[in-house]
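Working notes for the structure below.
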Amino acid sequence: MATGTEHLARMGEQVVSADAGDVLACVGLGSCIGLALIDRRATVAGLAHIMLPAAPASGTPNGKHADHAVPALLEAVLELGAARHRIDAVLVGGASMFSFGTDGGQQVGARNAEAVHAELAKLRLHPRAEATGGTRGRTMRVRVADGRVVYKEAGGTEVELFSTPVGLRVAA
């Protein structure tokens, strides 16, 4: 990827940019989901590092939970000039990092991916590419200049996930 300023979305955070030199990143996505919303024509991208499916009823809304993070990220990229009808959504992460017996434990990664999909559907946004599931952590990077998304699994090599108008789905 091109070098520029790299903005890191830590757990529960989001980063957005309209600067073509910027790269957005989520490092150490295990069961968390990295959600990128990209408008390539406007050269705007946002990336959220989502930890859990839904905020507790008594909790304060924040970026940790899909039900708050997804609409907040959409609002942030629209404020930077993205057009809703041109936004591409890309998901990475949602791994099953821990085994809790034969029933698969709580499957937090799968629940996170399902929750992000549900929130995107509510907003009438459809994922164009996805690399979720599996048992390995991932790092995700989004280049604002052209919306190119790459990820790398722990111990693996970098994979281009999204770069053309035609999406690609990678099954883990």
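Note that this is a predicted model, so its numbers are computed, not measured. Counting from 1, the numbers follow the sequence of the chain as shown.
One finds the CG atom of L52 at 8.0 Å from the NZ atom of K64 (value rounded to the nearest 0.5 Å). Put simply, CG on L47 and CD on E13 are 11.0 Å apart, with the number rounded to the nearest 0.5 Å. We find the CG-NE2 distance between D39 and H85 to be 7.5 Å, quoted to the nearest 0.5 Å. In this structure, CG on L161 lies 14.5 Å from CZ on R141, to the nearest 0.5 angstrom. Considering CZ of F162 and CE of M140, their distance stands at 10.5 Å, rounded to 0.5 Å. Here the OG1 atom belonging to T132 is positioned 7.0 Å from the CZ atom belonging to R138, to the nearest 0.5 angstrom.
Of all heavy-atom pairs between V142 and A36, the closest is CG2-CB, 3.7 Å. Contact between A69 and G63 at its shortest, heavy atoms only, is CB-O, 3.5 Å. A pairwise comparison of heavy atoms in A145 and A20 identifies CB-O, 3.2 Å as the closest pair. Residues R40 and G147 approach most closely at CG-CA, 3.9 Å, considering heavy atoms. The two residues A54 and H65 have their closest heavy-atom pair at O-CD2, 3.3 Å. Minimum heavy-atom separation, A66 to A115: CB-CB, 3.9 Å.
Not a single donor-acceptor pair under 3.5 Å links the side chain of D146 to the backbone N or O of S163. Side chain of E153 to backbone of R136: no donor-acceptor contact under 3.5 angstrom is found. Between the side chain of N112 and the main chain of M51, a donor-acceptor pair closer than 3.5 Å is present.
Put simply, I87 and L120 are part of the same group of oily side chains (I, L, V, M, F, W, Y) that touch within less than 4.5 Å, one to the next. Connection of L29 to V15 is established within a shared hydrophobic cluster, with ILVMFWY side chains joined at heavy-atom distances below 4.5 Å, either directly or through further cluster members. Under a hydrophobic clustering in which Ile, Leu, Val, Met, Phe, Trp and Tyr are joined whenever their side-chain heavy atoms come within less than 4.5 Å, directly or via other members, V16 and I33 fall into the same cluster. Grouping the Ile, Leu, Val, Met, Phe, Trp and Tyr side chains by contacts below 4.5 angstrom, directly or via other members, places L123 with L37. Y151 and L73 fall into different hydrophobic clusters, where Ile, Leu, Val, Met, Phe, Trp and Tyr residues are linked whenever their side-chain heavy atoms come under 4.5 Å apart, directly or through other members.
Salt bridge K122/E119: present, at least one basic N to carboxylate O contact under 4.0 Å.
Residues E114 and P53 are not in side-chain contact: their nearest non-hydrogen atoms beyond the backbone lie 4.5 Å or more apart.
With S17 as the partner, the side-chain hydrogen bond (donor to acceptor under 3.5 Å, both in side chains) test is satisfied by one option alone out of T43, D22, T5: D22.
Other residues, nucleotides and ligands contribute only 12 or fewer heavy atoms inside 6.0 Å of the CZ atom of R41.
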Test H68 against N62 for side-chain contact (heavy atoms from CB on, under 4.5 Å), laying out the working first.
-> CA-CA 6 Å; H68 295 285; N62 61 52; over 6 Å; no
Go through the steps to decide whether H49 and V27 satisfy the test side-chain contact (heavy atoms from CB on, under 4.5 Å), and finish with yes or no.
-> CA-CA 9 Å; H49 190 146; V27 176; over 6 Å; no
